Amino acid sequence: MSITTPFYFLRHGETFYNREGRIQGQSDAPLSPRGLEQAAEAARVLADEPLERIVSSSLSRAYKTAEAVAAPHGLAIEQAPGLMECHFGIHQDQPYQSWIPDHWAGRYKPEGGEDFWQFRDRVWPALVEAVAGGPNTLVVAHGGVWFAARTRVRMVPDVVDMPNAVPVLVVPDGDVWQVSALGDAVLPEGSSFYHKPS
């Protein structure tokens with residue numbers, strides 16, 4: 001199961017939890033005022049792109065970001081619950097903690113939540129299905145979804161932590177994804193020891 005069609009990806013805008021350094025997972029934290037501004041800027045950047053479909057995580061921080069982008073195109077938003085962020089069980093709503101790197105390395109499962117491999121096995125088919133649904137698809141989701149995809153493909157450049165509300169174009173070439181930021185954004189490269197879920 002692979003992705004062969006180019007697509008757009010957008011992580012949701014900043015939330016109050018992002019700003020406060022708290023773990024969201026599947027808690028439905030709203031966008032902050034800055035996050036709403038970021039969503040509006042992403043919509044401006046994507047306004048001239050030939051979007052034909054928008055598929056969003058059903059969590060409101062992603063859906064609200066998708067709404068901003070959809071408006072100039074007059075597109076409906078398809079919700080994909082499989083694209084929701086990882087469930088962090090008892091740690092949701094708590095401050096970032098030292099277990100996070102072990103979780104993303106597959107060595108720790110939060111009580112009542114998903115381990116990394118369960119999460120990856122859930123989101124990858126949802127991402128494949130979203131992109132296979134038609135050309136010029138925008139997927140609006142979470143940093144964890146992007147991080148999980150990195151374990152299935154090689155990204156050039158190697159973007160580990162996808163910034164909030166930076167639209168990217170992904171062009172698959174076999175098991176390599178060429179990733180380009182749209183607009184004026186610069187993507188951070190390299191590994192992050194302390195990957196923060198969102």
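This structure is a prediction, so every number in the text was calculated from the model and none was measured. We're numbering straight along the sequence, starting at 1.
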Let me check something: do L46 and L169 share a hydrophobic cluster, defined by ILVMFWY side-chain heavy atoms less than 4.5 Å apart, either directly or through other members? yes
To the nearest 0.5 Å, what is the distance between CZ (R61) and OG (S56)? 10.5 Å
Hey, does the side chain of R122 reach the backbone of M84 with a donor-acceptor pair shorter than 3.5 angstrom? yes
If we only count heavy atoms from C-beta on, is the H103 to Q97 side-chain gap below 4.5 Å? no
In the single-linkage hydrophobic clustering (I, L, V, M, F, W, Y; side-chain heavy atoms under 4.5 Å), do V179 and Y8 co-cluster? no
Can you hop from Y63 to L59 via hydrophobic side chains spaced under 4.5 Å? no
Taking all non-hydrogen atoms of both residues into account, name the closest pair between A29 and S60 and its distance. O-OG, 4.2 Å
Could you state the interatomic distance from CG (D48) to NE2 (H73), rounded to the nearest 0.5 Å? 8.0 Å
Given side chains that start at C-beta, do those of L138 and R53 come closer than 4.5 Å, heavy atoms only? no
Which value, rounded to the nearest 0.5 Å, describes the distance between W104 atom CH2 and C86 atom SG? 5.5 Å
Over all atoms of both residues, closest heavy-atom pair of Q92 and Q26: OE1-N, 2.8 Å
For R154, is the CZ atom crowded, meaning more than 12 foreign heavy atoms sit under 6.0 Å from it? no
Can you classify the ring geometry of F9 versus W146 as parallel (below 30°), tilted (30 to 60°) or perpendicular (above 60°)? tilted
Considering all heavy atoms, the nearest L83-S57 contact: O-CB, 3.7 Å
If you group Ile, Leu, Val, Met, Phe, Trp and Tyr by side-chain heavy-atom gaps below 4.5 Å, do W124 and W117 land in one group? yes
Is the shortest heavy-atom distance from the side chain of V160 to the side chain of F147 under 4.5 Å? yes
Distance-only, no hydrogens or angles: does the Q178 side chain make a donor-acceptor pair with backbone N or O of D173 under 3.5 Å? no
Closest heavy-atom contact between A130 and T137? O-CG2, 3.7 Å
If two hydrophobic side chains count as joined below 4.5 Å and joins carry through other members, does L182 share a cluster with V171? yes
Is any side-chain heavy atom of L187 closer than 4.5 Å to a side-chain heavy atom of P163? yes
Using side-chain heavy atoms (C-beta onward) and a distance below 4.5 Å, is P6 in contact with W177? no
Which atom of S58 lies closest to which atom of Q79, heavy atoms considered: CB-OE1, 3.1 Å
What's the separation between atom CD in E37 and atom CG in L31, rounded to the nearest 0.5 Å? 11.5 Å
Go through the steps to decide whether V170 and V131 satisfy the test side chain to side chain contact (heavy atoms under 4.5 Å, CB included), and finish with yes or no. CA-CA 11 Å; V170 178; V131 174; over 6 Å; no
Please, which pairs that meet salt bridge (charged side-chain N to carboxylate O under 4.0 Å, His left out) have at least one residue in residues 91-109, sequence neighbours excluded? D102-R107
Contact check, side chains of L10 and P167, non-hydrogen atoms, under 4.5 Å: yes
Would you say Q38's side chain and E14's backbone share a donor-acceptor pair under 3.5 angstrom? yes
Classify the ring geometry of W99 against H91: parallel below 30°, tilted from 30° to 60°, perpendicular beyond 60°. parallel
Within this structure, what is the CD1-OG1 distance for the pair I54 and T65, rounded to the nearest 0.5 Å? 11.0 Å
Should Q24 and H12 count as side-chain neighbours, where that means a heavy-atom distance under 4.5 Å? yes
Could you give me the CA-CA distance, side-chain angles and deciding distance for L127 and R152, then say whether side chain to side chain contact (heavy atoms under 4.5 Å, CB included) is met? CA-CA 12 Å; L127 186 59; R152 302 295 299 260; over 6 Å; no
Non-hydrogen side-chain atoms of R150 and V159 separated by less than 4.5 Å: no
How far does OG1 of T15 sit from NZ of K64, to the nearest 0.5 angstrom? 15.0 Å
Counting only heavy atoms not in Q94 (residues, nucleotides, ligands), do more than 12 fall under 6.0 Å from its CD? yes
Locate the shortest heavy-atom distance separating G13 from A165; write the atom from each residue and the value. CA-CB, 4.0 Å
E41/R44 salt bridge by N-O under 4.0 Å criterion: yes
